[in-house]
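Written out below as structure tokens is the structure these notes cover.
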Amino acid sequence: MLKFLRQTWSIALMTIIPVLRVKSFFLQLPILAILPLYFILMFGGDRSSILHALAGGIVTSSTFLGLGLMQDFVYEKHYYKLVDMLVASPLPPLAYVLGKLLGSLLLSLPSSAPLMLLLAHIVGYQRIVIISFLALMLLGTLMGCISFTMATLMATVKEVGALPSLLGVVLLYLPPVYYPCESLPLFIRGVAKAIPTVTAAEIIKHYSWISRVSQQGILLRWIYLTCVTLALAVLSIKISRWREP
Amino acid sequence: MALAGVSLEVPQETLFCLVGPNGAGKTTFIRIASTQLLPSSGNIFVMGYDAIKEPEKVRRLVSVMPQEGNAGRILSAWENIYYYLLARGMERGEARDQTRRTMEALGLWEIKDSLTMKLSGGFRRRVLAAMALASGADVVFLDEPTAGLDPIARREFWGYIRGMVREGQTIIFSTHMLNEAEQVSDFVTMITRGRIVFKGTPSEAKKLVKSSYRVVLKGRVSPSILEGKEHRTHGDMVYVYCEEEEAVSIVERAIREGIEATVRPVGLEDAFVKVMEGDAQVP
């Protein structure tokens, strides 16, 4: 167990150290997360819009922490060939994925933590920080599993291209993450609610009194997010190609 | 490149070389044996473990330096090696010692704090090799390890590798530098189009060439010099295979006619060319 933790931590450090040395990488995530909040403030948004933007920013941080790993995976596999060296070593693939996720989670804290603290301050409910962090971890893990699986199926560095950004738009900016679900026509609300980023946003918004759902409803959302994360983790282990066929 | 009908046994504690033209299947062999790639059929055992069915057991015993690997991340040379060893599960203290020992042996200690992205290609290659070698794995696969290294670095590198073999490790490497392969390896296997065409020692390989000497003539060579002698022409270079007395006479004539000539005993490169051209009688 100790060995597994050491292996995971070493991968996390190999993820963190290079990013800390490139300041522009380090700034990218907070800017992406906070950009909608900036526009809302610029256009004189009300309290509700600001809170929606804060919740959206937290979800964006966790989504990009997972999706950003796709480029990391692909570059480490096809350009640096580090993954080839790690495959031919005693490192379990799970330690690699968890290490990358841990590294990304720590790197995302400078962008997500201020948003969480600001949200807690505005709504006057400190526990929202812990709740948001839990949702952030689940969503980040889920996105990391998707990233890892997709990355292992890619044959060249070129394939990764704009995919994380495109997925970011589809998962964050189109569905009701930065705005209320009620703004959508009734017939697509059900579909939107099935998107994990929307579920995570709904959880944060519920505990921040931005838009409340029933106790049963919130429990179902936690269960749904947890189950989808676990299912994707299992699926990721099953179909990812740690060893190439 | 697909491998077909490859049957190969690598003795333990040896320096085993794979040679072959580009795309021959050397890298494919290394990738399969080091559990990176699953073969469509066949068996491969590494120190008694089935690399197809028991990859976890094999992975504890092997390490690999990939052919086109690039240690150019934003990590220092020391960090690349140290964190890789930790990722393999090595204890911190041992990882520190191994990192230092390997870096010193490969002439990397002076650049230990330099970011690898700022190092020259040769240094990056050495860092990558150090990552694989510092692991202390029983079987180390090196895919073209000395490509891009200067002659001094190559000598240091092979000196260290020979020491590892003496201490009980098995090194399997591929290369296009046949002089080097001849000097350092215990066994050589030649692969072409996914098939093994020769396996044996470098001395056995050289015996495939019937002549003892090779004279290389550069310039406008008169046909009378080559009369009755086995030779090959590549542009304005002529490779003549002959015995000692003939070699002396060819060089004397070449000097008289103002042609540049070099003579040397036949080597692995000559055997390689013969085998690849289908000229040699391979046992």
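It should be emphasised that the depicted structure is a prediction, and the values quoted were computed from it without experimental measurement. Every chain is numbered from 1 and lettered A, B, ... according to where its sequence line falls, protein lines coming before strand lines.
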Greatest number of heavy atom pairs closer than 4.5 Å to chain A - which of B:Pro39, B:Ser40, B:Pro55:
B:Pro55

I need the residue from B:Lys57, B:Gln67, B:Met90, B:Met65 with the largest number of non-hydrogen atom pairs under 4.5 Å to chain A.
B:Met90

Rounded to the nearest 0.5 Å, what's the gap from [atom1] on [X] to [atom2] on [Y]? Could you check?
X: A:Arg6; Y: B:Arg88; atom1: CZ; atom2: CZ; value: 13.0 Å
X: B:Asn80; Y: A:Tyr80; atom1: CG; atom2: OH; value: 10.0 Å
X: B:Tyr84; Y: A:Leu91; atom1: OH; atom2: CG; value: 9.0 Å
X: B:Leu61; Y: A:Ser89; atom1: CG; atom2: OG; value: 12.0 Å

To check you understand the geometry: which heavy-atom pair defines the closest contact between [X] and [Y], and what is its length?
X: A:Met85; Y: B:Pro66; value: CG-CD, 3.5 Å
X: B:Met131; Y: A:Leu82; value: CE-CD1, 4.0 Å
X: B:Ser34; Y: A:Ala88; value: O-CB, 3.2 Å
X: A:Arg243; Y: B:Thr35; value: CD-O, 2.9 Å
X: B:Leu86; Y: A:Gln7; value: O-CG, 3.6 Å
X: A:Arg21; Y: B:Ser76; value: NH1-N, 3.8 Å

Are there more than 12 heavy atoms of other residues, nucleotides or ligands under 6.0 Å from atom [atom1] of [X]?
X: A:Ile239; atom1: CD1; result: yes
X: A:Tyr224; atom1: OH; result: yes
X: B:Arg162; atom1: CZ; result: yes
X: A:Ile223; atom1: CD1; result: yes

Checking heavy atoms, do the side chain of B:Phe141, its backbone, both or neither come under 4.5 Å from chain A?
neither

Contact class of B:Glu56 relative to chain A, heavy atoms under 4.5 angstrom:
neither

Pair A:Lys3 + B:Glu91, salt bridge at N-O below 4.0 Å
no

Considering only NZ, NE, NH1 and NH2 on the basic side and carboxylate oxygens on the acidic side, decide whether B:Glu68 and A:Lys77 come within less than 4.0 Å.
no

Could you give me the CA-CA distance, side-chain angles and deciding distance for A:Val87 and B:Arg59, then say whether side-chain contact (heavy atoms from CB on, under 4.5 Å) is met?
CA-CA 8 Å; A:Val87 170; B:Arg59 284 169 184 159; 3.7 Å; yes

Any side-chain heavy-atom pair of [X] and [Y] under 4.5 Å:
X: A:Leu13; Y: B:Glu79; value: no
X: B:Ile74; Y: A:Ile17; value: no
X: A:Met14; Y: B:Leu75; value: yes

Given that the side chain runs from C-beta out, which part of A:Ile11 has a heavy atom under 4.5 Å from chain B: side chain, backbone, both or neither?
side chain

